[in-house]
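Down below is the structure, laid out as structure tokens.
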Amino acid sequence: MKKIYLPITSEDIENLKAGDEALLTGSMYTARDVVHKIFVEGMKDKQIPPIRLYGATLYYAGPTPGIPPRIIGSCGPTTSSRMDKFTPALLDAGVKAMVGKGRRSEKVRAAIKKHKAVYFLAPAGCGALLGNKIKKARIVGFPDLGSEAIYELEVEDFPVIVGIDSKGNDIFKK
């Protein structure tokens, strides 16, 4: 099990291989379909997104509210392929890591290889468990979108598996 601190470094990315298990600690941002569309359309108009995309880790999740004392509720991954048409543009903008579930398109796999990025898989169906790995959460963009707003999450030992590594190796093709 590898420990990875976020923001992820290029050296960490290069040392990860498809199938490796890792624990993420640090800051990542939730971003789902609507936010991806807003980012990509905004880039065409040279709009500045509410978060810095360069070096960012995006988590494809929409957390539920926490019931005190929990700061956040369930926070499981959503299907990554829904973001595929936007992902190459976000990798062009400097996103370095993504966390979700399921297969990615060939276009995304090629973009991950081109940009030396990484795609992590979070365990599906474990949203409540993953919510326990989130130590802080705050909305940093698009609060009007509710659960699809951008949350900055501080995670500790958040379990993932490398789905696609920086060389384009894909766990679904093994």
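For the numbers below, each heavy atom of this structure counts, side chains included, while hydrogens, waters and symmetry mates do not.
Scanning all heavy atoms of the two residues, the minimum distance from Ala122 to Phe158 falls at CB-CE2, 4.2 Å. Shown here for Ile171 and Leu121, the closest heavy-atom pair between the two residues is CG2-CD1, 3.8 Å. Between Gly100 and Pro77 the shortest heavy-atom distance is C-CB, 3.7 Å. The shortest heavy-atom contact between Ile161 and Glu21 is CG1-CG, 4.3 Å. What you find for Ala137 and Tyr151 is that their closest heavy atoms are CB-CD2, 4.4 Å. The two atoms that bring Gly76 and Ala61 nearest to each other are O-CB, 3.3 Å, heavy atoms only.
Few gaps surround NZ on Lys167; more than 12 heavy atoms of other groups in view lie less than 6.0 Å from it. Around NZ of Lys135, the count of heavy atoms belonging to other residues, nucleotides or ligands within 6.0 Å exceeds 12. In this structure, Lys2 places its NZ atom where more than 12 heavy-atom neighbours from other residues, nucleotides or ligands lie under 6.0 Å away.
Using a 4.5 Å cut-off between side-chain heavy atoms of Ile, Leu, Val, Met, Phe, Trp and Tyr, with links allowed through other members, Val160 and Leu23 fall into different hydrophobic clusters. A continuous path of ILVMFWY side-chain contacts below 4.5 Å connects Ile139 to Ile134, so both sit in one hydrophobic cluster. There is a path of hydrophobic side-chain contacts, each under 4.5 Å, that joins Met28 to Ile72. A continuous path of Ile, Leu, Val, Met, Phe, Trp and Tyr side chains, each step under 4.5 Å between heavy atoms, connects Phe142 with Met43, placing both in one hydrophobic cluster. Val40 and Val34 fall within a single hydrophobic cluster, where Ile, Leu, Val, Met, Phe, Trp and Tyr are joined by side-chain heavy atoms under 4.5 Å apart, directly or via other members.
Phe86 has its side chain out of reach of Val35: every pair of non-hydrogen atoms, C-beta onward, lies at least 4.5 Å apart. At least one side-chain heavy atom of Asp92 sits less than 4.5 Å from a side-chain heavy atom of Lys114. In this structure, the side chains of Leu130 and Pro123 come closer than 4.5 Å at one or more pairs of heavy atoms. Using a 4.5 Å heavy-atom cutoff, the side chains of Phe39 and Ile51 are in contact. The shortest side-chain heavy-atom distance between Asn132 and Arg70 falls under the 4.5 Å cut-off. The closest side-chain heavy-atom distance from Met83 to Asp33 is below 4.5 Å. In this structure the side chain of Ser10 never reaches within 4.5 angstrom of the side chain of Lys116, judged on heavy atoms. Counting heavy atoms from C-beta on, the side chains of Val118 and Ile112 never come closer than 4.5 Å.
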For this session: Take Ile8 and Phe120 through the side-chain contact (heavy atoms from CB on, under 4.5 Å) test and state the conclusion after the steps.
Result: CA-CA 12 Å; Ile8 195 165; Phe120 293 111; 4.0 Å; yes
For this session: Take Arg32 and Arg82 through the side-chain contact (heavy atoms from CB on, under 4.5 Å) test and state the conclusion after the steps.
Result: CA-CA 8 Å; Arg32 293 183 49 145; Arg82 295 189 347 230; 2.8 Å; yes
Exercise. Run the side-chain contact (heavy atoms from CB on, under 4.5 Å) check on Val95 and His115 step by step: do they pass?
Worked result: CA-CA 9 Å; Val95 169; His115 293 287; over 6 Å; no
For this session: Test Leu153 against Lys133 for side-chain contact (heavy atoms from CB on, under 4.5 Å), laying out the working first.
Result: CA-CA 10 Å; Leu153 305 176; Lys133 301 296 182 181; over 6 Å; no
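With rounding to the nearest 0.5 angstrom, the NZ atom of Lys173 is 8.0 Å from the CZ atom of Arg103. In this structure, CG on Leu6 lies 10.5 Å from OH on Tyr29, to the nearest 0.5 angstrom. One finds the NZ atom of Lys107 at 11.0 Å from the NZ atom of Lys85 (value rounded to the nearest 0.5 Å). Going from atom OG of Ser80 over to atom CG of Leu58 covers 11.0 Å, rounded to the nearest 0.5 Å. Distance check: Tyr119 OH to Leu91 CG gives 12.5 Å after rounding to the nearest 0.5 Å. Atom-to-atom distance recorded for Asp170:CG and Ile164:CD1 is 4.5 Å, nearest 0.5 angstrom.
Formation of a donor-acceptor pair under 3.5 Å by the Tyr59 side chain with backbone atoms of Cys75 is found in this model. Under the 3.5 Å distance criterion, the side-chain polar atoms of Thr30 are left unmatched by any main-chain donor or acceptor of Ile150. Between the side chain of Asp165 and the backbone N or O of Lys17, no donor-acceptor pair lies under 3.5 Å. When atom types are taken as modelled, the side chain of Thr64 and the backbone of Ser74 share a donor-acceptor pair closer than 3.5 angstrom. A donor-acceptor contact shorter than 3.5 Å is absent between the side chain of Asp45 and the backbone of Gln47.
A salt bridge does not link Lys44 to Glu41: none of the charged side-chain nitrogens sits closer than 4.0 Å to a carboxylate oxygen. Electrostatic pairing of Arg104 and Asp84 counts as a salt bridge here, judged by a charged N lying under 4.0 Å from a carboxylate O.
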